[in-house]
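This report concerns only the one structure given below.
To find a chain, count down the sequence lines: A is the first, B the second, and so on, and within it residues start at 1. The figures that follow rest on heavy atoms only: side chains count, while hydrogens, waters and symmetry mates do not.
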Amino acid sequence: MSLPAWSHDQDPPPLVTPAPAPAAVLALPVRRPGLAAVAARARGVAGVVLPPVIALAAVLAVWQVLSSDGTGLPAPTTIWQDSRDLILDPFFDRGGVDKGLFWHALTSLQRVAIGFSFSAVVGVALGVLVGSSRFAHRALDPIFQVLRTVPPLAWLPISLAALHEANPSALFVIFITAIWPIIINTAVGVRNIPQDYVNVGRVLRLSPPEYFVTILLPAATPYIFTGLRIGVGMSWLAIVASEMLLGGVGVGFFIWDQYNSSRISDIVVALVWVGLVGFALDRLVALVGRIVSRGAAAE
Amino acid sequence: MPSRAYLSIENLGVTFSPGAKASEVLRGVDLAVGRGEFISIIGHSGCGKSTLLNVVAGLLPVSMGAVILDNQAVEAPGPDRAVVFQNHSLLPWLSVYENVRLAVDKVFGRSRSRADRHDWTLENLALVQMTHAKDKKPAEISGGMKQRVGLARALAMEPKVLLLDEPFGALDALTRANLQDSVMEIHGKLKNTVMMITHDVDEAVLLSDRIVMMTNGPAASVGDIVTVDLPRPRRRIEVDATEAYVSARHSVIEFLYARHASFRPAA
């Protein structure tokens, strides 16, 4: 027999059960059963969708009021008038760098894809090394801890000097920015493999490659994906910043180019794109992580 | 007279030395276990009984003396000394079937065909009555079921000695009784040599041929050994009032609470 639970913010249940009130017989209106369910569902959706919509509207309204004097930042309505083409048609291509934002974002994303893939592979490998070898940890960790605090753009001059060209330099900046959280999180994941799993591997006499595939990698996967998720966010930060300096096609360059032509409205539109793409990247990596590490975290 | 017992622990000493401070956990442990025998090791917390099991498993190094199984010194872990860990330690990313299959593939990968290994995996799951959950993940089954699967994984390796490290400690009383019956039944069928760590006196008496009682640590050793003189198969309802059961139980309790009562040093 279990007691009814109540929390402190509720009144305690009455000690004396009140006599039940005489039941009144009511003729309930006949309702189609589907309708109530649809209404409940709609309320649920509205509860999720409405708050951010209201908040966005409020931000836009305040912005509109504050920037209505015409100086400084353009108001939302001004942006709509100035940059309507840019907002409505992200796919135009008039040659050169005069392209829709979709193409700029795509170019930036390609760079992120290449640079981030390298840092994922190298980062996980180094992380496994540092996580499983005490010597490697002692030797390399201080270097990692210092280098990871170097801001992404500080790498740019060095990589330009070493690689001579803009595109590989941009890729290197992404690589070097994204790799630290991947290394560090992978190493933590490998170090945190429960002793029981290690013992299972020892009793079964798994060879190092077998141990790596059957125990180490799956056990560290949730940590690895935490690192990848932070890394992809940072590489998106890095690409936008480094493109500003490197020129060519890309969201970062687009923002810089519009700044030089004093088209502030276009910059605001580009910023929204940058934010949305970064958000999508983050969610994508999180989703892949959930699929790959299915079950691993459920203990 | 046989020269050496099937599993022979001889003058075993284990000392941990993390940094400069050394702590002696076991000293001069002698124990001979016959083939097919079911041995329980009981003692107060911290007496080193888990250490003893881990040394036999090869998971911890021997500092002095030796553990000899079937005339071979134990130096490293191996599937001939399968362990059922206290917290099941199934790999959560593998299904129940895959957890057992991993062990089967590793131990019999060369000697048996793929089909045989599949059958052997299922046979062991059937032995612990877990066939119905073979495709579930460990997170989807209860604690008792996880221990059953852990037992199936250990049995599937056909170990020379089965090591049980407080296998039922985390389970409720009814589930525990159920599993104890299963272990007795399996032991009756397969005649494994079993070494079980426990802190439950009734469990020790019901399951074991002999109960090894450890003195308190540090530097613990075998204090006394009680032989449980009960015929097998045993059924818990029938045996628990017999004189042999009561006297074995009394000997263990007398040892644990009168002769070697646990003491807690201040601070």
Ring centers of A/F175, A/W155 separated by less than 6.0 Å: no
Geometric class of the B/H118/B/Y97 ring pair [parallel <30°, tilted 30-60°, perpendicular >60°]: tilted
Chain A contact via B/R81 - side chain, backbone, both or neither, heavy atoms under 4.5 Å: both
A/F144 and A/W180 aromatic ring geometry - parallel, tilted or perpendicular at 30°/60° bounds: tilted
Top contributor to chain A contacts, counting heavy-atom pairs under 4.5 Å, from B/L94, B/V107, B/N87: B/N87
Closest non-hydrogen atom pair between B/T198 and B/A204, with its separation: CG2-CB, 3.9 Å
Chain A contact via B/A103 - which portion, at a heavy-atom distance below 4.5 Å: both
Per-residue contact mode, A/E210 against chain B (heavy atom under 4.5 angstrom): side chain
